[in-house]
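The next block holds one structure in the form of structure tokens; read it before the comments.
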Amino acid sequence: MQFDAARSENNFPPDAQPQKGSEISEDLATSGAHIIVTELSEEAQLKLEVLQTLIEQCDRTTYGEKLRDAAEKLGCSVRTVQRLVKRWETEGVASLAASGRADRGKHRISEYWQDFIIKTYTAGNKGSKRMKPKQVAVRVQAKAREISDSKPPSYKTVLRILQPIIERKEKAKSIRSPGWQGSTLSVKTRTGQDLSIEYSNHVWQCDHTLADVFLVDQYGEILDRPWLTTVIDTYSRCIMGINLGFDAPSSQLVALALRHAILPKTYGPEYKLNCEWGTYGRPEHFYTDGGKDFRSNHVKLIGTDLGFTCHLRNRPSEGGIVERPFRTLNDQLFSTLPGYTGSNVQERPKQTEKDAKLTLRDLDHLIVRFICDRYNQSIDARMGDQTRFQRWEAGLPDVPDVIDERHLDVCLMKASRRKVQRGGYLQFENLMFRGEYLAAYAGETVSLRFDPNDITTILVYRREETREIFLTRAYAQGLEAEKLSYEEAKASSKRLRTAGKALTNESIHQGVLEQDALVAKKSRKQRQKEEQVLVKSQSSKPEAPKDVEVEPIENEPEVEMDLDVETFSPIDFDDLRGAW
């Protein structure tokens, strides 16, 4: 995944350099600059939940019912909900950040009565006991007389407070997923909704696993086992996208995997692919387990912004479709690699860490090759005589839209904020970046977003209240034509810092190239042979002439020896490395 090829592209016209100040932000906001909403109020979160239900495809009658339900939930008219949907279609998630009443969605009774109502209802429904909201209201009135409260909560207020608890209990009683019904698969959400998978890109699923392979860094030092996040199309069982790295599962990793799945995928010759990945597009439904990373506001924002609905699985047992590929990868790929740990800790080979020699980049190449050439091109047992990719291609109702990469910036990793230095420079991970027009923001603090697979280009945003407005791209100085991952930059910085060298873009880049040339591309035996050749070449150098008189041999012609010092200059090891 890469940023736009044209490094000089900007949102500003070339002859109009922006000036520092609030006017710039207003111009950016009104001129279509990309805006990312980072925080939502409680009111905006409620609107987000409503929009999640309205963006699902349905017939006109069902949509009308959803509109009326949304109006009731938001406490407004149907026309107001329609205006909200229209604003969302034009402005995206930014339309949800509008200011409103601070107490919207809150109960207007004291915390004492809220706690009393909830505790009374909970205690009244423990074990074999049962208590209705009406009976809770009777106890509220009795308690009010006891504490001399002349205005206790009414029955309607009690019911409104208990309604979310009652709804959750009802959802918990829902039946299991219907599963296969003839040739159609149906899954059940935590809200009790049945999703019938009818075509490709209809329902995507996502999950994480800890790969059973120990990896090393580019210097041969043992690291850890990486996390693999996969996105699966439920209809075809195709793997749509992945994310591989050492970070623990989070909403950010889910976003990166989604970004990879949504965009068309192209790979260079170093991957040695026989087939293209081929899958792309966006889902209508995103079906996951109930982990915190999938329940996060970040994932919901992405879904609302891109037009798909997020759902949680009703039970863990319903995640077989997304978990089965992990077993296939483990049995057919990971188990054949050096550093394989196995799934059983007691049966783990003793030499596992010693045998590890693959880097994260090596494993990424192997996984991509396995998915493209084997997994997606194989036949699934439930799919008949079609391969997974053939079923995905044949099951598309329409050609998927190619989403602009800039629209997916919200999926990129976000770095901590940085201060713009004089001249428009930024320092991040011991690399120096420079972006056009950043000089106008010298001294200000900005937010950075980047692709962890290549941090030579970062996106710079300016924070304004709960929004981030795009300013420009910044490029690592001296590394414009290179590709450097986030983990590689951190490892290089650590190694150079330990060695006491100055941290510069050139030194980090040179360290990566030297290590790739001397370690990654040659076996230990090759390096041993080359070291022996080098030693022999040093030992075969002629000795310096000694000041000793030697009588000439009769009839032997005299030969003049040109003992020029340059003839015996020492070997240039840098040239010798280049020759290797």
Side-chain angles (χ1 to χ4, degrees), residues 207-231 239 241-250 253 256-257 260 267-268 270-274 277 322-376 378 452-454 483-495 498 511-529:
D207 207 351
H208 317 275
T209 190
L210 193 59
D212 291 337
V213 181
F214 271 114
L215 300 183
V216 299
D217 63 14
Q218 53 191 332
Y219 310 111
E221 297 294 331
I222 193 74
L223 287 176
D224 204 344
R225 297 160 61 193
W227 283 95
L228 175 64
T229 304
T230 59
V231 179
I239 297 180
I242 63 171
N243 184 75
L244 183 69
F246 294 106
D247 295 327
S250 65
L253 298 189
L256 289 171
H260 184 252
Y267 292 95
E270 67 273 14
Y271 283 83
K272 301 177 182 179
L273 302 181
N274 296 317
W277 196 311
V322 69
E323 292 172 359
R324 185 60 180 88
F326 293 146
R327 181 178 173 183
T328 302
L329 282 165
N330 195 61
D331 293 344
Q332 300 183 21
L333 177 63
F334 297 154
S335 61
T336 65
L337 302 178
Y340 175 67
T341 65
S343 56
N344 192 327
V345 178
Q346 281 98 14
E347 298 176 2
R348 178 172 297 176
K350 296 181 179 180
Q351 302 293 323
T352 295
E353 296 188 18
K354 187 177 180 180
D355 293 341
K357 63 181 180 181
L358 294 177
T359 64
L360 186 66
R361 182 176 295 182
D362 295 333
L363 185 61
D364 176 65
H365 287 194
L366 292 171
I367 291 177
V368 169
R369 192 182 311 160
F370 180 85
I371 292 173
C372 293
D373 294 347
R374 293 180 60 182
Y375 190 84
N376 282 354
S378 300
N453 297 319
D454 183 11
K483 183 176 181 179
L484 185 69
S485 72
Y486 183 52
E487 292 296 333
E488 287 173 336
K490 290 172 64 177
S492 297
S493 298
K494 182 178 179 180
R495 179 172 176 264
T498 303
V512 173
L513 294 181
E514 288 178 1
Q515 191 65 31
D516 287 345
L518 296 178
V519 178
K521 297 182 181 178
K522 297 181 180 180
S523 66
R524 183 178 178 183
K525 186 173 291 186
Q526 285 176 322
R527 296 199 304 275
Q528 288 175 345
K529 288 182 178 179

Quiz item: Checking side-chain contact (heavy atoms from CB on, under 4.5 Å) for the pair L223/L360: CA distance, chi angles, key distance, verdict?
Solution: CA-CA 10 Å; L223 287 176; L360 186 66; over 6 Å; no
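- Remark: Y486 engages F450 in a ring-ring contact (aromatic ring centres under 6.0 Å, His included) (not counting sequence neighbours).
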Could you walk me through whether N330 and T209 satisfy the side-chain contact (heavy atoms from CB on, under 4.5 Å) test, starting with their C-alpha distance in whole Å, then the side-chain angles of each, then the deciding distance to 0.1 Å, before giving a yes or no?
CA-CA 10 Å; N330 195 61; T209 190; over 6 Å; no
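- With values rounded to the nearest 0.5 angstrom, D247 atom CG is found 11.5 Å from W227 atom CH2.
- With sequence neighbours excluded, no residue satisfies side chain to side chain donor-acceptor pair (under 3.5 Å) with D217.
- Expressed to the nearest 0.5 Å, how far OH of Y271 lies from SG of C372 amounts to 10.0 Å.
- Remark: H208 engages T229, D293 in a side chain to side chain donor-acceptor pair (under 3.5 Å) (not counting sequence neighbours).
- The shortest non-hydrogen separation linking D362 to K357 is OD2-O, 4.3 Å.
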Quiz item: Run the side-chain contact (heavy atoms from CB on, under 4.5 Å) check on L363 and L337 step by step: do they pass?
Solution: CA-CA 9 Å; L363 185 61; L337 302 178; 3.7 Å; yes
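- I367 approaches I242 most closely through the heavy-atom pair CG2-CD1, 3.9 Å.
- Here the shortest heavy-atom pairing between A248 and L253 reads O-CD1, 3.2 Å.
- With sequence neighbours left out, the salt bridge (Lys or Arg N to Asp or Glu O under 4.0 Å) criterion links R327 to D331.
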Please evaluate residues H260 and N243 with respect to the criterion side-chain contact (heavy atoms from CB on, under 4.5 Å), reporting the C-alpha separation (whole Å), side-chain torsions for both, the decisive distance (0.1 Å), and the verdict.
CA-CA 8 Å; H260 184 252; N243 184 75; over 6 Å; no
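- For the side chain to side chain contact (heavy atoms under 4.5 Å, CB included) criterion with P325, the lone passing option out of T230, L228, I239, D207 is I239.
- Scanning for salt bridge (Lys or Arg N to Asp or Glu O under 4.0 Å) contacts around D212 gives R225, with sequence neighbours left out.
- Here T328 pairs with R324 under the side chain to side chain donor-acceptor pair (under 3.5 Å) rule; sequence neighbours left out.
- Evaluation of the side chain to side chain donor-acceptor pair (under 3.5 Å) rule for E221 yields no partner, not counting sequence neighbours.
- Residue L210 comes nearest to P226 through the heavy atom pair CD1-O, 3.6 Å, listed as atom of the first residue, atom of the second, then distance.
- For residues 366-376, the side-chain hydrogen bond (donor to acceptor under 3.5 Å, both in side chains) pairs, not counting sequence neighbours, are Q332-R374.
- With 3.5 Å as the limit, one finds no donor-acceptor pair spanning the side chains of Y340 and D355.
- Partners of V216 by side-chain contact (heavy atoms from CB on, under 4.5 Å), not counting sequence neighbours, listed by chain and number: I222, A356, T359.
- Residues that satisfy the ring-ring contact (aromatic ring centres under 6.0 Å, His included) test with F246, not counting sequence neighbours, are absent from this structure.
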